[in-house]
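Pasting in a structure now, in structure tokens, and then I'll have a few things to ask.
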Amino acid sequence: MQVFIAKDAAAAAAIAADIVENVVRSTPRPRIGMATGSTMVGVYRSLVDRHQAGALSFAESSVYLLDEYVGLDPGHPQAFRNVIRTDLADHVDLSNDAVFGPDGRAPDLEAEARRYDQLVTEARIDIQLLGIGGNGHIAFNEPGTPFDAPSSVVALREETRRDNARFFGSIDHIPRQAITQGIGTILQAREILLVALGPHKARPICDALEGPVSVDTPASAIQLHPEVSVVLDAEAASLLSAARPES
Ligand code: F6R
């Protein structure tokens, strides 16, 4: 595992974008697993800047979402498919039909989770971007989720709904369920890139990187993967005990 500690969020976003750019440039038809959430906004902005400067093309890339809320209207701005469009796809040469995600309005949600799991497994993701929840979740795999659980329909914990209330104006508007890639599905990616910013991520990052591999901290599963980069700002890195130089 390679851990990069940047002085601030902007520097962290640039390092993460460098890692993604490297995969996009060196892979014939790159398949990129994308997370949503505030952490990724700067990373995607940096990728858009590179594209607009003529330095990076996504024409050959396809994107696979980590997760999706259940029940949101297709046009809802917080539906993750729309978030990826607004933050990235609309500004780069990535075609709309190259963005894949679970359908949170499918009539049979469990069947939809199975369909998406198979799609992601067959695609074999080249690089999977991950954020981390305040409770250590990755995607919407909350503490206690077995690492070998496939993609599934999950209930969101109250703390996750509270954390994400900022995107919806009020906790009352946040869906109670999501379809999420399973941890086992995520671990199939060839490479994983976890990004965390801010002091509220210091505890889950310390648990994930230095604690035992445990379902209590879903993100600790990345210790089981051979190709992991973790990009942190100084605040998110503040509880790590191992001495690591700033990048
Ligand atoms: C989003 C996702 C979540 C977020 C995590 C961190 O697709 O799967 O696991 O990555 O909740 O969210 P932010 O970046 O908003 O702190």
Side-chain angles (χ1 to χ4, degrees), residues 9-10 12-13 16-17 20 32-46 63-70 72 76-89 99-104 113 116-117 120 125 127-145 147 149 151-169 171 174-175 177-183 185-187 189 192-205 207-208 217-222 228 230-233 235-237:
V20 176
I32 313 170
M34 286 196 169
T36 51
S38 52
T39 308
M40 294 300 153
V41 172
V43 181
Y44 298 152
R45 194 178 305 128
S46 182
V63 163
Y64 294 79
L65 299 181
L66 258 187
D67 40 22
E68 185 59 273
Y69 290 115
V70 163
L72 291 184
H76 195 291
Q78 290 306 324
F80 288 157
R81 191 180 276 264
N82 296 330
V83 172
I84 285 294
R85 245 177 227 152
T86 313
D87 288 354
L88 182 84
V99 178
F100 301 93
D103 177 0
Y116 191 60
D117 197 78
V120 172
I125 302 296
I127 183 163
Q128 176 63 59
L129 278 68
L130 296 176
I132 183 170
N135 62 6
H137 73 217
I138 48 173
F140 279 132
N141 295 288
E142 302 283 26
T145 308
F147 288 173
S151 304
S152 60
V153 184
V154 293
L156 302 181
R157 290 263 184 103
E158 275 312 294
E159 67 247 37
T160 297
R161 297 184 67 242
R162 268 199 306 277
D163 273 357
N164 288 3
R166 61 206 150 107
F167 298 115
F168 286 80
I171 193 168
I174 300 191
Q177 288 182 300
I179 296 178
T180 184
Q181 284 191 34
I183 295 176
T185 320
I186 291 167
L187 292 178
I192 286 178
L193 167 58
L194 174 71
V195 186
L197 307 172
H200 56 302
K201 299 295 173 70
R203 172 47 53 196
I205 279 295
D207 291 346
T217 303
S220 66
I222 65 170
V228 177
V230 179
V231 180
L232 308 170
D233 65 3
E235 291 176 326

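As the structure lists them, so they are numbered: ligands from 1, and atoms in each ligand from 1.
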Close N or O approach (N164, ligand 1; < 3.5 Å): no

For atom 11 (O) of ligand 1, closest protein heavy-atom neighbour: H137 NE2, 2.7 Å

Check: D67 N/O within less than 3.5 Å of ligand 1 N/O: yes

Where ligand 1 meets G131 - atom numbers and elements under 4.0 angstrom, heavy-atom basis: 10 (O)

pair I205-L194: side-chain heavy atoms closer than 4.5 Å: yes

Atom 4 (C) of ligand 1: the protein heavy-atom neighbour that sits closest, reported with distance to 0.1 Å: T36 O, 3.9 Å

Centroid-centroid distance, F140 to Y69, less than 6.0 Å: yes

Heavy atom of the protein closest to atom 14 (O) of ligand 1 (residue, atom name, distance): T39 OG1, 2.5 Å

Salt bridge (Lys or Arg N to Asp or Glu O under 4.0 Å) partners for R81, two or more places apart: none

Student check: side-chain heavy atoms of N141 and F147 closer than 4.5 Å: no

4.0 Å heavy-atom contact, K201 with ligand 1: yes

Approximate separation, where rounding is to 0.5 Å, of Q128 CD and I222 CD1: 12.0 Å

Check: I84 and T36 side chains under 4.5 Å, non-hydrogen atoms: yes

Sub-3.5 Å N/O-N/O distance, G133 and ligand 1: no

R162 and E159 ion-paired at < 4.0 Å: no

Close side-chain approach of Q78 to N164, heavy-atom, < 4.5 Å: no

Atoms in ligand 1 with a heavy atom of L66 nearer than 4.0 Å: 8 (O)

Closest protein heavy atom to atom 6 (C) of ligand 1, given as residue, atom name and distance to 0.1 Å: I132 O, 3.4 Å

Proximity flag R166 to ligand 1, non-hydrogen atoms under 4.0 Å: yes

Those residues that, when tested against D163, pass salt bridge (Lys or Arg N to Asp or Glu O under 4.0 Å) (two or more places apart): none

Ligand-side contact atoms (ligand 1) for residue partner G37, heavy atom cut-off under 4.0 Å: 14 (O), 15 (O)

Closest protein heavy atom (residue, atom, distance) for atom 9 (O) of ligand 1: A139 O, 2.7 Å

